[in-house]
S.K.: 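Let me give you the structure first, and then I'll get to my questions.
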There are 2 protein chains.
Amino acid sequence: MSGLREKQKADRRRRILEAARKLFAKAGPDATTIEAIADEAGVSGVTVHNYYGTKSGVLLALVAESDRELLEKMAHDLPGQSDDLIDLARRFAAIIRDHAITFLDKGIWRQVFAASIAEADSRFGKSYHSLDHQLALVLVREIEVLQACGAVASEVSAYDLGKAIFSLQNMRFVNFISFDEMTDVESDAAFLRDLRSILGALPANRR
Amino acid sequence: MSGLREKQKADRRRRILEAARKLFAKAGPDATTIEAIADEAGVSGVTVHNYYGTKSGVLLALVAESDRELLEKMAHDLPGQSDDLIDLARRFAAIIRDHAITFLDKGIWRQVFAASIAEADSRFGKSYHSLDHQLALVLVREIEVLQACGAVASEVSAYDLGKAIFSLQNMRFVNFISFDEMTDVESDAAFLRDLRSILGALPANRR
DNA sequence: AAAAAATTTTTATTGCGTAAAAAATTTTTC
DNA sequence: GAAAAATTTTTTACGCAATAAAAATTTTTT
């Protein structure tokens with residue numbers, strides 16, 4: 001009943017991911033074969049499939065690791081910087097965009113996003129979604145701070161609002177990565193239009 | 001200089017799509033091979049690739065056709081039904097969900113969505129996005145009507161607002177199709193929370 | 001009607017993903 | 001500590017997507 005088997009599994013997992021990181025960085029996921037990852041990791045190709053399902057699954061697992069970094073960065077850089085909701089949302093979006101673009105190029109992010117939807121119910125699809133959720137929670141906490149200052153209406157649910165703004169940000173992010181020529185300045189401007197229009201949509205007598 | 005060549009191309013396009021529709025309906029896209037579509041359409045497998053790029057490309061083209069129906073339905077069913085923004089947005093979302101779910105099951109929609117992101121810059125990715133845009137424009141027009149009634153603030157851009165609400169709806173739709181067990185009632189409730197929190201987020205003195 | 005141009009088909013190759021049998025390794029049992 | 005049992009990996013084999021290049025076909029032009 002010792003954990004030797006478990007230990008070896010964890011080790012293989014790690015080796016596969018490390019091999020993938022190295023080869024993806026060198027040539028990109030498209031030009032990297034599962035077989036090459038397997039060789040580099042010292043396992044068979046089928047084992048890579050057994051562990052991660054698909055090549056996208058490997059990529060998703062890699063992104064999930066980087067997202068943990070992003071989460072730390074977010075928890076460190078976001079709090080206490082904004083005194084209004086629009087500014088908060090824009091900073092939140094900017095941190096995500098910056099992290100994303102320094103880590104992978106847009107073409108690969110399109111694959112990642114596509115995989116996160118196509119494999120939404122797989123193990124790694126789920127862990128990806130869970131990190132998204134935690135990211136949204138950082139935003140929720142800051143919204144609670146703004147509520148305490150009176151910058152956000154105290155009647156609304158900070159959780160619901162955080163999730164909604166996260167959604168809006170997420171679609172903007174998809175838009176950003178969908179077009180190679182779109183700059184982060186443009187994306188920020190578009191996000192600002194989203195926020196201004198929706199936050200100011202209702203006239204005072206209708207709220 | 002007659003258009004025989006063009007005519008034959010259009011004809012092949014049509015036959016391929018018709019064959020795909022028939023076979024996808026019978027067995028689903030996964031169990032349908034490109035070769036089978038090609039046989040049914042009376043062309044070679046490579047020709048299907050030449051015309052639509054990938055199997056997802058064929059699927060996307062099929063969905064684009066159905067989206068034209070949806071667009072008509074939307075233009076017919078949405079206008080004049082709502083006298084406030086939240087109700088309008090929910091009707092809009094409901095029409096899309098209903099149409100989607102009667103047309104394809106969730107698993108296939110996940111593939112469609114993934115393909116629309118992964119192939120955002122392909123011919124069919126673009127036509128898919130253009131239909132999304134037209135759909136959003138129907139919403140924009142109704143928002144303008146609400147502005148005329150005073151139900152929506154006249155200072156905001158109806159276009160920006162329509163796009164923002166469309167984004168919110170789109171993320172909810174992704175969420176809806178990502179989980180097989182999620183009902184349309186639940187999705188509507190979640191969308192309502194999105195809308196209520198974000199539309200009521202700013203206190204009166206901050207707008 | 002022949003030559004030129006465009007398009008499809010044939011042919012071949014690579015790689016993903018899956019399944020089942022075989023081999024190896026760890027764990028359990030005596 | 002060796003044999004048996006259980007688990008996991010590897011080997012082997014196969015179907016299909018996607019791509020490339022050559023060959024064949026068909027339309028267009030002259």
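Note that the structure is predicted; figures quoted are calculated from it, not measured. Reminder, nothing fancy here: chain letters follow the sequence lines and each chain counts from 1.
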S.K.: Taking CD1 from I16(B) and P from dT8(C), how many angstroms apart are they, rounded to a whole number?
M.R.: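 Result: 9 Å.
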
S.K.: Between dA6(D) atom P and K9(A) atom NZ, what is the distance in whole Å?
M.R.: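 That distance rounds to 17 Å.
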
S.K.: Quick check on side-chain contact (heavy atoms from CB on, under 4.5 Å): which of L85(B), L146(B), L139(B) does L161(B) satisfy it with?
M.R.: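 Of the listed residues L85(B), L146(B), L139(B), the side-chain contact (heavy atoms from CB on, under 4.5 Å) partner of L161(B) is L85(B).
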
S.K.: Taking the six-membered ring for Trp, are W109(A) and F173(A) closer than 6.0 Å centroid to centroid?
M.R.: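 Between W109(A) and F173(A), the centre distance is under 6.0 Å.
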
S.K.: Look at the side-chain N and O atoms of Q8(B) and state whether any lies under 4.0 Å from the OP1 or OP2 oxygen of dT27(D).
M.R.: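 True: Q8(B) side-chain N/O within range (under 4.0 Å) of dT27(D) OP1/OP2.
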
S.K.: Which dot-bracket notation, 5' to 3', represents the base pairing of DNA chain D when pairs are defined as Watson-Crick or G-U with both distances under 3.5 Å, crossing pairs as [ ], and inter-strand pairs as |?
M.R.: ||||||||||||||||||||||||||||||

S.K.: Using ring pair (Phe, Tyr, Trp, His ring centres under 6.0 Å) as the criterion, list what pairs up with F124(B), not counting sequence neighbours.
M.R.: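 Ring pair (Phe, Tyr, Trp, His ring centres under 6.0 Å) list for F124(B), sorted by chain: Y52(B).
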
S.K.: Round to a whole Å and report the spacing from CG of D30(A) to C1' of dG15(C).
M.R.: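 The answer, rounded to whole Å, is 12 Å.
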
S.K.: Describe the nucleic acid contact of T32(B) in one word from base, sugar-phosphate, nothing, applying a heavy-atom distance below 4.0 Å.
M.R.: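 T32(B): backbone/sugar contact only, no base atoms under 4.0 Å.
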
S.K.: Could you identify which residues of residues 33-44 of chain B place a heavy atom less than 4.0 Å from some atom of DNA chain D, listed by residue number, or say none?
M.R.: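 Close to the strand are T33(B), I34(B).
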
S.K.: Hey, does the side-chain of R5(A) have a donor or acceptor N/O within less than 3.5 Å of a partner on the base of dT25(C)?
M.R.: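 Present.
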
S.K.: If you pin E119(A) and Y51(B) to their nearest nucleotides in DNA chain C, which one's is more 5'?
M.R.: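 Looking at DNA chain C, the more 5' nearest nucleotide goes with Y51(B).
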
S.K.: Dump the intermediate steps for side-chain hydrogen bond (donor to acceptor under 3.5 Å, both in side chains) on S44(A) and T47(A), then the final yes or no.
M.R.: CA-CA 5 Å; S44(A) 77; T47(A) 296; 3.1 Å; yes

S.K.: Between the side chains of R91(B) and S82(B), is a donor N or O closer than 3.5 angstrom to an acceptor N or O?
M.R.: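 R91(B) vs S82(B): donor-acceptor pair found between side chains.
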
S.K.: Rounded to the nearest angstrom, tell me the gap between atom CD in E6(B) and atom P in dT27(D).
M.R.: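 Whole-Å distance recorded here is 13 Å.
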
S.K.: Say whether S56(B) and Q111(B), considering side chains only, have a donor N or O and an acceptor N or O under 3.5 Å apart.
M.R.: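 Short answer, no.
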
S.K.: In whole angstroms, how far is the C1' atom of dA17(D) from the CD atom of Q111(B)?
M.R.: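 It works out to 13 Å between those atoms.
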
